[in-house]
Amino acid sequence: MNLPKKVTIIEVGPRDGLQNDPSIVPTDIKLSFINALKAAGLKEMEITSFVSPKWVPQMSDASNIVKATYDQSRNIVLTPNRKGVDRALQEGCKSVAVFVGVSNTFNLKNINKSTAESLKELQPIIAELKEKKIFVRACISTSFYCPYEGKIQMDDVVALCSSFVEYGVDELSVADTIGMANPQESFYLFSKLKELFPDTLLTAHFHDTRGMAVANVFAALQAGVDRFDTSAGGLGGCPFAKGATGNVATEDVVFMLEQMGISTGVDLTRLKEAVQLIKSHISRSIDSKYFSLSES
Ligand code: HMG
Ligand code: MG
């Protein structure tokens with residue numbers, strides 16, 4: 001079996017986890033959640049997004065979140081456009097994630113631009129961010145299936161990733177937005193991307209809509225991936241991807257990896273404290289196999 005000794009978990013709960021919940025979580029609770037996740041050992045995290053507050057009111061306190069989150073760990077902010085990047089730079093962000101869908105229809109619904117228009121806007125922005133020595137991650141949505149266009153062709157994913165690698169991003173986070181990929185598809189796509197882009201950090205981002213996300217993590221591990229986006233409590237989902245539910249739960253991935261002797265640096269007891277902290281402030285229930293087991 002092809003297994004790494006160590007895996008990096010990128011916690012996306014404060015962003016992906018909270019952007020799609022009907023409740024708007026107060027800023028101080030979000031900050032306590034972020035701090036509790038950090039205390040559990042999560043050193044790379046999407047802490048918020050600079051997007052339109054009219055489109056995603058849950059993230060309208062992004063500036064205050066950034067102002068209050070100063071440390072040496074990788075605090076990533078997500079943004080789709082020039083305005084968002086300018087807001088991020090103004091707040092002194094050092095790590096920025098841009099996002100684009102392989103599916104044109106999804107990109108129009110999510111960002112109100114075609115995929116080609118998004119790429120055109122982002123190319124000079126990425127060059128500018130790299131000049132300023134900012135860490136840049138590109139999130140590639142609908143890399144397997146689109147809720148509007150159906151099955152996505154691997155060549156289209158490769159072409160989009162190639163453009164971002166050419167523009168100089170540090171990381172590709174390749175997403176199964178609606179949790180539809182199966183482990184075989186995950187293995188093939190991530191094997192291909194590993195082979196083509198050996199010098200770019202490659203991260204897998206699985207949503208767990210159909211209960212296949214942990215199996216997909218294992219398949220991506222076999223393909224050589226050692227970075228995974230996960231969300232504490234299995235929170236998450238994109239408001240503009242019909243039928244998308246939460247990300248694979250951080251605790252379920254950490255438990256599986258640690259059981260196999262793969263180090264994650266995450267303390268499950270402290271992670272549970274973070275999940276308990278956010279639980280009463282969100283409308284959706286926690287979707288975690290590991291924690292529900294320890295509660296029964
Ligand atoms: P638009 O309406 O076409 O934007 O929306 P616009 O350029 O015409 O501007 C309209 C208004 O929005 C203006 O304000 C702008 O200033 C403002 P007004 O004059 O009306 O007061 N605006 C902004 N305000 C704050 N921050 C900004 C910003 N940009 C414009 N960055 C836009 C286009 C991209 C803004 C909108 O579609 C949007 O905000 N979309 C974000 C959608 C989103 O957050 N989706 C979830 C994140 S992606 C995801 O979850 C997938 C991922 O997890 C991977 C996966 O699972 O697939 C990453
Ligand atoms: Mg997502």
Side-chain angles (χ1 to χ4, degrees), residues 10-21 45-66 76-91 93 96-103 105-115 117-119 121-122 125 136-149 152 157 160-161 164 169 171-181 186 189 203-209 213 216 228-232 234-250:
I10 300 93
E11 171 62 43
V12 299
R15 193 279 303 169
D16 206 325
L18 301 184
Q19 73 181 9
N20 198 33
D21 197 85
M45 197 180 301
E46 284 186 356
I47 57 169
T48 187
S49 61
F50 286 102
V51 294
S52 162
K54 286 183 192 140
W55 284 58
V56 189
Q58 290 90 337
M59 296 285 113
S60 59
D61 58 355
S63 293
N64 290 336
I65 295 289
V66 171
I76 305 161
V77 297
L78 212 77
T79 180
N81 61 8
R82 163 58 63 188
K83 171 137 193 191
V85 168
D86 287 347
R87 289 174 67 202
L89 291 176
Q90 203 179 336
E91 298 302 344
C93 295
V96 169
V98 295
F99 55 99
V100 175
V102 183
S103 151
T105 314
F106 171 73
N107 209 60
L108 282 163
K109 289 197 187 280
N110 198 34
I111 309 179
N112 208 17
K113 282 198 170 77
S114 69
T115 301
E117 285 168 338
S118 280
L119 264 183
E121 179 175 13
L122 290 173
I125 292 178
V136 182
R137 141 180 169 109
C139 300
I140 314 293
S141 286
T142 56
S143 295
F144 295 91
Y145 290 87
C146 167
Y148 314 104
E149 291 185 11
I152 297 294
V157 184
L160 189 56
C161 289
F164 280 116
V169 300
E171 179 186 19
L172 294 166
S173 167
V174 175
D176 178 22
T177 309
I178 55 169
M180 187 78 189
S186 299
L189 178 61
T203 301
H205 178 116
F206 293 113
H207 284 262
D208 199 26
T209 318
N216 281 323
F228 293 92
D229 290 350
T230 66
S231 174
L235 306 176
C238 174
F240 308 102
K242 204 172 49 169
T245 58
N247 293 270
V248 65
T250 305

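Values below: all heavy atoms of this structure, side chains included; hydrogens, waters and symmetry mates excluded. Whatever order the structure lists ligands and atoms in, that order sets their numbers, starting from 1.
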Check ligand 1 against [X] and write out every atom of the ligand that is under 4.0 Å from a heavy-atom position of the residue.
{"X": "Asp16", "value": "53 (O)"}
{"X": "Val56", "value": "43 (C), 44 (O)"}
{"X": "Ala175", "value": "54 (C), 55 (C), 56 (O), 57 (O)"}
{"X": "Gln19", "value": "46 (C), 47 (C), 49 (C), 50 (O)"}
{"X": "Pro80", "value": "34 (C)"}
{"X": "Asn112", "value": "1 (P), 3 (O)"}

Could you establish whether [X] and ligand 1 come within less than 4.0 Å of each other, counting only heavy atoms on the residue side?
{"X": "Pro53", "answer": "yes"}
{"X": "Met59", "answer": "no"}
{"X": "Ser49", "answer": "no"}

For the residue pair His205 and Asp16, establish whether any side-chain heavy-atom pair is separated by less than 4.5 Å. yes
Within the 4.5 Å heavy-atom criterion, are Lys54 and Ser60 side-chain neighbours or not? no
Kindly state if [atom] has a protein heavy atom within a strict 4.0 Å cut-off, that is, under 4.0 Å?
{"atom": "atom 26 (N) of ligand 1", "result": "yes"}
{"atom": "atom 4 (O) of ligand 1", "result": "no"}
{"atom": "atom 9 (O) of ligand 1", "result": "no"}
{"atom": "atom 54 (C) of ligand 1", "result": "yes"}
{"atom": "atom 13 (C) of ligand 1", "result": "no"}
{"atom": "atom 51 (C) of ligand 1", "result": "yes"}

Going by the closest heavy atom to atom 18 (P) of ligand 1, which one wins out of Lys54, Gln58, His207? Lys54
Looking only at non-hydrogen atoms, the one of Asn110, Val51, Val98 nearest atom 40 (N) of ligand 1 is Asn110
Where is the tightest heavy-atom contact between [X] and [Y], given as atom of each residue plus distance?
{"X": "Asn107", "Y": "Ser114", "answer": "ND2-O, 3.3 Å"}
{"X": "Leu78", "Y": "Cys139", "answer": "CD1-SG, 3.9 Å"}
{"X": "Ile140", "Y": "Cys161", "answer": "CG1-SG, 4.1 Å"}
{"X": "Ile76", "Y": "Ala97", "answer": "CG2-CB, 3.7 Å"}
{"X": "Tyr148", "Y": "Ala241", "answer": "OH-CA, 4.1 Å"}
{"X": "Ser49", "Y": "Met59", "answer": "OG-CG, 3.1 Å"}

Below 3.5 angstrom, do we get any N/O pair linking [X] and ligand 1?
{"X": "Phe99", "answer": "no"}
{"X": "Arg15", "answer": "yes"}
{"X": "Cys139", "answer": "no"}

Students should be able to answer this: which protein heavy-atom is nearest to [atom], and at what distance?
{"atom": "atom 31 (N) of ligand 1", "value": "Asn81 OD1, 2.9 Å"}
{"atom": "atom 32 (C) of ligand 1", "value": "Ile111 O, 4.0 Å"}
{"atom": "atom 39 (O) of ligand 1", "value": "Ser52 N, 2.9 Å"}
{"atom": "atom 28 (C) of ligand 1", "value": "Lys83 CG, 3.5 Å"}
{"atom": "atom 2 (O) of ligand 1", "value": "Trp55 NE1, 3.4 Å"}

Looking only at side-chain N and O atoms, does Ser173 offer a donor or acceptor that is under 3.5 Å from a partner on Thr203? no
Please walk me through it: do Phe228 and Val248 pass side-chain contact (heavy atoms from CB on, under 4.5 Å)? CA-CA 10 Å; Phe228 293 92; Val248 65; over 6 Å; no
Looking only at atom types and distance, does a side-chain atom of [X] sit under 3.5 Å from a main-chain N or O of [Y], one as donor and one as acceptor?
{"X": "His207", "Y": "Thr245", "result": "yes"}
{"X": "Gln58", "Y": "Asp21", "result": "yes"}
{"X": "Gln19", "Y": "Gly237", "result": "yes"}
{"X": "Asn247", "Y": "Ser231", "result": "no"}

One pair to check against side-chain contact (heavy atoms from CB on, under 4.5 Å): Phe144 and Thr177. What are the steps and the verdict? CA-CA 8 Å; Phe144 295 91; Thr177 309; over 6 Å; no
May I ask you to decide whether Asp229 forms a salt bridge with Arg137, counting only side-chain N to carboxylate O separations under 4.0 Å? yes
What protein N/O/S atoms are there under 2.8 Å from the Mg ion (ligand 2), waters excluded? Asp16 OD2, His205 NE2, His207 NE2
Kindly determine whether Glu121 and Glu117 satisfy side-chain contact (heavy atoms from CB on, under 4.5 Å), including the steps that lead there. CA-CA 6 Å; Glu121 179 175 13; Glu117 285 168 338; over 6 Å; no
Might you work through the side-chain contact (heavy atoms from CB on, under 4.5 Å) test for Phe99 and Val51, ending with a clear yes or no? CA-CA 11 Å; Phe99 55 99; Val51 294; 4.0 Å; yes
